[in-house]
Structure formats: C-alpha cells, structure tokens
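Just so you know, these numbers use all the heavy atoms, side chains as well, and skip hydrogens, waters and symmetry mates. Below, chains carry the letters A, B, ... as their sequence lines are ordered, and counting in each starts from 1.
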Amino acid sequence: MGMENIPTTYDPAQVEEKWYRHWEEKGFFHAPVDEGKKPYCIVMPPPNVTGQLHMGHALDNAIQDTLIRWRRMQGFNTLWLPGTDHAGIATQAKVEESLAAEGLSRNVLGRDKFLERVWAWKERYGGRITAQLRRLGSSCDWQRERFTMDEGCSRAVREVFVRLFEQGLIYRDYYITNWCPHCHTTISDIEVEHEETAGHLYYLRYPAAGHPPQGGSGWIEVATTRPETILGDVAVAVHPDDERYRSMVGTTVILPLVGRELPVIADEYVDPAFGTGAVKITPAHDPNDFEVGRRHNLPQIKVMGEDAAMNSDTGPYSGLDRYECRKRIVRDLRDGGYLVRIEDITHSVGQCYRCNTVIEPALSRQWFVRMKPLAEPATLAALKGQVTFIPERFTRIYLNWMENIRDWCISRQLWWGHRIPVWYCAECGEMTAAVTQPDRCRCGSTGLEQDPDVLDTWFSSGLWPFSTLGWPCQTAELAYFYPTSVLVTGRDIIFFWVARMIFLGLAFQGEVPFPSVFIHGLVLDPLGRKMSKSLGNGVDPIDVIESHGADSLRFMLLTGNTPGNDIRFNFERLEGARNFANKLWNASRFVLMNLEGYSPGEETAPPILADRWILNSFNDTVRNVTQSLEAFELGEAVRLAYEFIRGEYCDWYIELAKPRLYGADPLDRALARRVLVQVLRGTLELLHPFMPFITEEIWQHLPGAGPTVMLAPWPACDPELSDPEARAKMDLIQEVTRVIRHLRTEVNVPPGKKVNVLIGADDYQLAVLEEGSEIIASLAQAVPAFSRGTPERPEQSVQAVAGVGVTVVLPLKGVLDVDKEKARIQQEQARLRDDMARTRGKLANEAFLAKAPPAVVEKEKGKAAEMAAKLEALTERLALLG
RNA sequence: GGUGGCUUAGCUCAGCGGGAGAGCGCCUGCCUUACAAGCAGGAUGUCGUAGGUUCAAUCCCUACAGCCACCACCA
C-alpha cells in the first residue's frame with residue numbers, strides 16, 4: 001500500500017458507503033441461532049415507517065449500535081433486530097393531508113381504497129428511514145427486519161387481543177374518553193398533553209325552582225371554564241359538609257337558557273374552596289362529572305358531535321363550533337342576567353399530542369384493557385430488580401405510573417392499523433373475538449360484521465420484543481433470544497412503550513422482555529430548546545453525516561453527556577469530533593508511512609521504557625473502557641479512549657518513536673514499529689463500536705488485517721502488560737520535559753535551538769532521568785545534565801543563566817523530598833487499611849449480609865477490591881522510592 | 001398540587017468523599033519531515049446559598065433560591 005496516496009485529511013464520504021455495503025453483503029450483521037454461543041439481543045425501537053431520521057433516532061441508534069458492536073467483538077452472538085412502526089394516527093394524518101391536496105378525503109374514497117393509498121404511501125416512503133439508519137452505520141440484522149403490520153406481527157396482535165379478551169382483561173364500555181376533534185378519534189390518557197393556558201372562569205347564577213328554601217338566596221352560583229357545556233348540565237353539586245349550601249341539597253334549580261330542572265346534589269368530589277363551591281355537572285362532557293353522574297344515577301346529555309360542534313339537541317346553538325357557541329352562550333347568559341362575573345384564570349388544557357387540538361372529553365363506546373391485573377406483576381418485576389432502569393431514578397417514574405395506572409383505551413376511530421378482531425352478530429348481538437374471521441356466530445347466523453375501529457399503535461409495539469421473534473409460534477429465535485439483553489430508548493416513551501412491553505411480556509412470555517432499560521435524554525438544539533418542526537430548529541442527521549461523517553456525529557452524540565440527561569446539539573463539539581477523526585487518521589498515516597518493509601514476525605529488541613509505558617497505558621485503557629461499557633457509561637468509555645490516543649499515543653509515543661524509526665538500530669526500529677502497530681490496532685478496535693467507519697478503514701490498512709474489524713476480538717486486559725514502574729518513570733520524565741519546555745518559552749528560547757539543562761535530583765530520580773535522557777533531549781530540545789541534590793536558589797539560577805540561553809538549572813518541584821513523599825504514602829496506606837478493615841468487617845457480618853440488598857453487597861465487595869488494588873499500587877510506589 | 005433533574009472556567013459540559021477537569025473560546029510562540037481539522041506553553045473557578053454528617057465534602061444529608069422536565073380529574 002502506498003501511503004503517498006493517503007490524503008492528509010480524512011474524507012468520510014470516501015469510505016462510509018463502501019464499508020457499510022461490505023459489512024452488509026458479507027452478512028456480518030446476521031445472527032443465526034447458535035446454541036454454542038451466548039446470545040446478545042436488542043430490539044430496535046421501531047421508528048415510524050414513513051418517517052425521517054431525526055437526532056433522537058441518531059442518538060438512540062448510535063447507543064444501540066455501540067453496544068451491539070462491542071458485544072459482537074466480545075464474541076456474543078449478537079442480534080440487533082430492526083423494524084418499523086405503522087404509526088397509526090401519524091401516518092393516516094399524513095396520507096389524509098396528501099389526499100386533501102388532491103381535493104379528496106378518506107370518506108370520499110372509502111375504507112378499502114383509502115387503505116390502498118396508505119399502503120402505497122408506505123411502499124413509497126417505507127425504505128427511507130431504514131436507508132438513513134444504514135448511513136449512521138447501524139449494524140442491525142436487516143434479514144430479520146420487521147414491520148408492526150406485517151403478517152407475523154399482526155397475527156401476534158390478534159392472538160394477544162383474543163387471549164386478553166377471553167381472560168376478561170379486555171372489555172368494551174361506554175366511557176368518557178379524550179376525543180380529538182381534528183383527528184376524529186379517541187386517544188389514550190397519555191396521548192393528551194396538558195398545557196397551561198390563559199382562559200376565563202365564568203360565574204353563573206342558576207335560580208332556585210319554586211320557592212327558595214329557608215335561608216336560601218333564591219339561586220345558586222356555579223363557576224365554569226366551558227360555559228357551552230351548560231347545555232348538557234344535569235345537576236349542581238356541592239360538598240356534603242358545605243354549610244353554605246346544606247339547605248339547598250335535595251332541592252332543584254333551573255338551568256338558564258334551557259329551563260331544565262336540575263337537582264342539587266352533595267358529592268365529596270367538590271372542592272368547597274374553588275370557585276363558589278358549587279359545580280355544574282355535565283356527565284357527557286367532563287370526566288369528573290361523568291363519575292359524579294354515575295354515583296348519582298344522572299342522565300348523560302351529549303351536546304357536541306365529532307367535530308366538537310354543537311349537535312342537533314342544542315336548539316338555537318345547533319351546528320355552532322364549540323368556541324363560537326361559547327361566545328353566544330355567554331352573550332345570552334349576560335342578556336338573561338345569569339352571568340355574574342368573568343375572571344381570568346390559567347388552567348391546564350389537554351391537547352392532542354399529534355395535532356395540538358384541544359381535546360374534548362366525550363362519551364363513547366370504546367375498548368379498554370383492564371390494567372390492574374397486568375400492572376401488578378409489572379410493578380413487582382421492577383421492585384424485585386428483574387428490570388433495572390439506567391439511570392436508576394427512572395425506576396421510580398415507572399413505578400409511580402404503574403401504581404396509579406388507569407385502564408388503557410385501545411380503540412381508535414382510524415382506518416390505518418390493526419382492526420379490532422371482534423365481530424358482531426346482526427341477529428343476536430353476540431360479540432365474537434377471534435384470531436381469524438369467523439364464518440358464523442354461535443347462534444348460527446352468518447350476518448357478522450367486524451368492529452370498525454383499529455387498535456392503538458402502542459398495542460402492537462408493546463408486543464415488539466416477542467412478536468418480532470416469531471411469537472405466537474415457539475420459534476428457535478424466541479427461545480434463544482428472549483428475553484432480550486437491554487432496551488435502549490428515550491425517556492419520553494417510558495409510559496407509551498416500555499411499560500407496555502414489560503407488562504405484555506410478563507403476561508405472554510412469563511418473563512420480562514429485558515433485564516435492563518437504558519434511558520437516554522432528548523437531543524436539544526444549540527440553545528437548549530426541543531427540536532421541533534414548528535420552530536424549524538431541527539438539525540438533520542443526514543446533513544451532518546454528509547458534512548462531517550457518521551463517525552463524527554456518533555462521537556459527538558456519545559460524548560460529554562450522561563445517561564438520562566438531555567444533550568445539546570453543538571456544532572463546536574461536532575467539529576471537535578471531526579478533528580479527532582482526522583487526528584486518528586493522521587496518526588495512522590504516520591504509522592503506515594513508516595512500515596516500509598515491515599513484517600509482523602521480524603526480530604525485535606526487548607521493549608524499552610517507552611514501549612513498556614505505552615503498553616501499560618493501553619492496557620489500562622482497555623480495562624477502563626470495558627468497565628465503563630459494562631456500566632453503560634458510553635460517554636466515559638469513549639472519553640477514555642480519546643484521552644489515550646491524543647494524550648499518550650499521539651502526543652508522546654509517536655514522538656518518542658520518531659528518533660527510533662529514523663535511527664540506526666534495526667532491532668530497535670523493528671520494536672518501535674511493532675509496538676506502534678500493536679497499540680494502534682488495539683486502539684482502533686476499542687474505538688470501533690463508537691466510530692465504526694474510520695476504524696474499519698484504517699484497520700484494513702494495517703498489516704495482517706482480517707475480513708473486518710467488526711469481528712476482531714475485543715482487546716483483552718493483559719496482566720503481562722501491566723507495568724506501574726514504567727508508568728512511574730515516564731511520569732517523571734514527562735514532568736521534566738514539560739518543565740523544560742515551559743522554561744524555554746519563559747525565557748524565549750527559539751523553537752529549534754537546543755538548550756543545556758542542569759537538573760538536580762535525588763538518587764532514584766537520577767537513575768530514571770538518565771534512562772530517559774534521550775527522551776528529554778529530543779522532546780525538549782535540550783542537552784540535559786544531572787546533578788545530585790537541589791541546586792541552590794534555583795529560580796535565580798534559571799534567570800541568570802538562561803538569559804544567556806545556554807544552561808538551565810532546574811529544580812524538580814515537589815518530588816524532590818523523598819522522605820515527605822514516603823510519609824504521605826504511608827499515611828494513605830494506613831487510612832486504606834483502616835477502611836478495608838471496616839469494609840471487610842461489614843462483609844463478614846452476617847446480619848449485614850442478610851439484610852442488605854445484593855447490589856449493596858456487590859458494591860461493598862467492589863470497594864474492598866478497589867482498595868486492595870490501590871494499596872498494592874502504593875506499596876509498589878513506595879518500593880520504587882527505595 | 002406531586003415527583004424528578006440541573007446549578008462546576010467566558011460558552012457547552014464531564015467528574016463526584018482525600019489532587020478541581022475536558023472541548024471550544026482567549027493569550028504567547030511555532031507551517032518542528034502524521035496532522036494548522038495541527039504543535040508547544042499559558043491565564044481563568046469562594047464547584048448556586050446556608051447549615052449538618054465526617055479525621056476529610058464540589059461529591060453524602062437537610063433547608064433555601066433559580067432554571068428545566070414529567071405526572072395530576074383545579075370545575
């Protein structure tokens with residue numbers, strides 16, 4: 001390979017596509033079942049099938065790909081299972097929009113034709129996001145790609161529905177649900193976003209019917225934010241203990257404008273301190289009123305239709321939009337003398353999470369999942385540690401939600417989705433739930449009609465960890481890969497998705513779908529705002545890949561933040577990442593340029609200090625990176641690798657190698673080359689999970705490369721390479737080098753000019769520095785000489801002599817006083833021994849072992865081991881000091 | 001109303017019981033035969049406030065303040 005052809009700047013565009021194609025074509029992503037190997041599996045959170053990649057996806061997938069690539073190199077049989085979601089409301093809305101542009105609507109087309117259009121839409125845009133995921137470098141098993149509405153997943157959906165139905169865990173009921181007047185469907189509680197909104201509180205006076213009771217005022221005053229709903233009022237409620245209204249309970253009042261007589265009832269729900277302490281009750285249009293209505297057996301009067309326009313039962317208001325009606329009602333109430341006053345108020349108003357339309361609570365017949373029996377095992381699983389959230393605080397959030405969970409409304413008045421597998425008999429009215437369409441009803445009638453509604457999108461994604469592995473068939477994949485190893489997702493969908501996968505996994509597989517849930521934050525814009533279409537502040541990952549490369553994007557997203565925390569998109573850091581890739585590129589160029597005639601097996605001299613030092617450092621890095629990955633600290637892992645490459649390999653080792661490469665000793669030259677290559681190769685392997693493309697490109701250029709770095713064994717920590725002595729010596733040599741460099745600038749010695757240096761040191765240091773004198777000479781442009789002991793009045797010597805530009809007399813700060821240093825170490829050792837005794841005592845204490853959770857015991861053990869290691873290091877250090 | 005998070009160098013953020021750090025920016029000097037997307041050197045911090053625990057606290061505990069997020073049925 002001619003290195004002259006390797007350009008001095010790294011160009012991602014030249015290599016990314018090439019390698020991705022290579023990997024995919026060679027089948028490196030594919031994971032067949034192999035009982036001889038340990039499985040490691042992640043199911044990808046399925047993005048919207050017709051969506052486009054955004055930064056959230058980029059972060060999510062960068063994390064997953066890093067974990068997957070790392071485990072794959074560790075020798076696990078690694079399956080990253082990709083797929084897409086049909087995204088009911090979102091996709092249907094998009095297609096409806098495009099129809100509207102043609103002057104069409106879904107109702108004009110009819111259900112079948114409309115669905116054809118959606119499928120065509122899916123065909124057209126369905127490949128876009130998966131192509132974009134490839135550009136990120138995602139090493140998923142595309143041969144196993146799934147879609148929530150493919151045959152297998154649909155089968156699983158029907159199976160789950162029918163089984164839950166048969167267990168009585170799915171029921172159909174008239175209930176008040178969140179109606180989106182724009183999307184024309186019910187949505188579940190978590191799909192409603194509450195926003196603080198400025199509104200008005202209208203105080204209205206309802207006159208008493210007949211003669212006012214003794215002591216009464218002749219009317220009752222209620223407060224409402226939605227005056228148009230008075231048309232559906234059926235009662236006025238007060239708190240049972242409220243003295244002000246006690247005499248009125250049981251009497252009736254007249255509903256203004258309508259004239260209906262309403263009973264005054266007592267119910268604990270009313271807060272006497274709010275408004276007037278009297279509440280108008282509208283069971284068909286408010287969830288609380290609905291409950292009150294049920295308790296008191298009140299009628300439910302609907303006053304609005306699907307568009308949230310007033311219905312035909314509202315007389316003069318019929319046909320008016322709800323807000324238009326509000327204005328009219330207020331005017332009419334004022335004219336009639338019923339309006340007492342209007343107050344400004346800010347209150348939280350529910351909006352549809354898709355279209356931001358204000359939700360109208362509405363009464364309708366819907367399907368629900370009974371949550372209590374499903375939530376209990378899911379709660380227990382988290383309490384018992386069968387599912388662990390990373391970071392841990394999300395466990396509480398999850399538990400909190402699970403414990404207060406309400407029944408899940410799963411029916412949607414949409415067409416795009418899994419149609420509810422229930423058929424109604426025209427003859428007897430019987431409902432039949434079935435996996436496949438039944439021929440006839442139990443009564444014998446063939447007049448069956450399927451429920452028109454479809455299921456909530458999250459119903460099918462909730463089955464994702466097992467439906468994608470073949471369930472309900474007991475496939476080899478299911479047995480082998482379930483439960484999966486970890487779930488990686490954003491904290492915004494813990495409720496929507498994670499919780500549902502957990503309880504459905506427990507219900508149908510008897511096991512949690514994953515032992516760990518790794519939660520990451522949102523990617524915010526550079527100013528810390530959420531990226532959104534309406535703000536137009538989104539950054540397109542594909543643009544970034546094109547300008548800076550996928551590796552840089554991944555590096556930027558993975559560094560400098562911690563699990564669960566939001567991350568700001570930051571162009572400076574992106575450039576930093578690109579610069580780092582370039583640094584890596586050039587360091588590699590340097591190595592490759594110096595390999596002319598190199599053969600891996602050639603004879604070398606025994607390692608010298610510099611080699612021992614870099615190998616020790618590399619070994620430490622391997623250990624620390626691996627440990628960080630095991631703790632899901634990806635940012636820390638990549639930072640460690642970064643610091644090793646920049647701070648040690650590039651800044652020092654390469655510089656140390658230069659004179660050796662150009663020198664006369666062939667054995668030493670061979671040694672330097674060998675170590676340069678060995679460490680570079682290992683570093684590329686460590687970095688590969690984070691920056692797959694550039695590492696593959698360089699790795700392939702190294703002598704003895706295999707088919708792919710993807711399948712190279714993950715670097716192992718090698719006790720043979722551990723060499724604290726070399727580290728200690730190099731620390732001293734580096735310190736001296738830095739001090740000389742500093743003094744050179746202080747006294748303005750021109751860069752190329754050599755200086756004579758006189759260094760005072762103790763015996764131990766003298767030995768070390770003499771060993772390192774060549775290093776100091778070349779890296780500090782100095783001619784070092786050493787003297788025993790501290791030079792007198794060192795600073796003055798520096799000034800006086802350096803002014804001439806020839807000799808620098810150098811004191812070594814701090815390290816000179818060996819006795820002091822020894823004392824310090826001994827003191828620390830004593831403290832460590834103390835701590836260790838305490839920890840060991842704890843670990844020997846049976847009461848502690850019995851009571852403490854396993855995690856705590858493990859932590860204590862870890863601490864003990866850590867202290868032992870520290871102690872050992874200190875002992876070595878002490879020995880070095882003589 | 002409830003819960004959680006954040007507050008560390010000019011900016012963006014790591015760290016987290018015994019040395020206060022990185023990147024960018026800034027200052028000085030360098031195109032030194034891998035890299036100016038670079039090299040060498042440098043300046044910069046009462047680690048939000050007040051208490052407490054500890055031999056030792058930026059890190060643990062308590063309270064407070066400011067910002068942010070989530071949850072909640074305020075009519």
At under 4.0 Å, does any side-chain N or O of [X] touch on OP1 or OP2 of [N]?
{"X": "A:Lys530", "N": "B:C68", "answer": "no"}
{"X": "A:Asn579", "N": "B:G38", "answer": "yes"}
{"X": "A:His742", "N": "B:A40", "answer": "no"}

Original post:
If you find the nucleotide of RNA chain B closest to A:Glu636 and the one closest to A:Tyr662, which residue's nucleotide is nearer the 5' end?
Top reply: A:Glu636
**OP:** Please name the pair of heavy atoms, one in A:Asp525 and one in A:Arg568, separated by the smallest distance, quoted to 0.1 Å.
**Re:** O-CG, 3.6 Å
Touch class at under 4.0 angstrom, heavy-atom based, for [X] against every strand present:
{"X": "A:Gly647", "result": "nothing"}
{"X": "A:Arg406", "result": "sugar-phosphate"}
{"X": "A:Tyr269", "result": "base"}
{"X": "A:Arg738", "result": "sugar-phosphate"}
{"X": "A:Arg491", "result": "sugar-phosphate"}

Original post:
Between B:A37, B:A34, B:G41, which one does the side chain of A:Thr745 approach most closely?
Top reply: B:G41
Subject >> Selection from B:C24, B:G38, B:A40 that lies nearest to any side-chain heavy atom of A:Glu572 >> reply: B:C24
Original post:
Is the base of B:A37 touched by the side chain of A:Arg578 through a donor-acceptor pair closer than 3.5 angstrom?
Top reply: yes
Original post:
Could a donor-acceptor pair under 3.5 angstrom be found where the side chain of A:Glu655 meets the base of B:A40?
Top reply: no
**OP:** Please determine, for B:C24, whether a Watson-Crick or G-U wobble partner exists with both distances under 3.5 Å, and give it or none.
**Re:** B:G10
Original post:
Over how many whole Å does the gap from A:Leu204 atom CG to B:A75 atom P extend?
Top reply: 14 Å
**OP:** Just say parallel, tilted or perpendicular for the rings of A:Phe368 and A:Tyr175, cut-offs at 30° and 60°.
**Re:** perpendicular
Set out, line by line, the N/O atom pairs under 3.5 Å between protein and nucleotides 3-13 of chain B.
from  : atom 1 : to       : atom 2 : distance (Å)
B:U12 : O3'    : A:Arg568 : NE     : 3.3
B:U12 : O2'    : A:Asn570 : ND2    : 3.4
B:C13 : OP1    : A:Arg568 : NE     : 2.5
B:C13 : O3'    : A:Gly560 : O      : 3.4
B:C13 : O2'    : A:Gly560 : O      : 2.7

Original post:
For A:Thr559 and A:Arg573, does a side-chain donor sit closer than 3.5 Å to a side-chain acceptor?
Top reply: yes
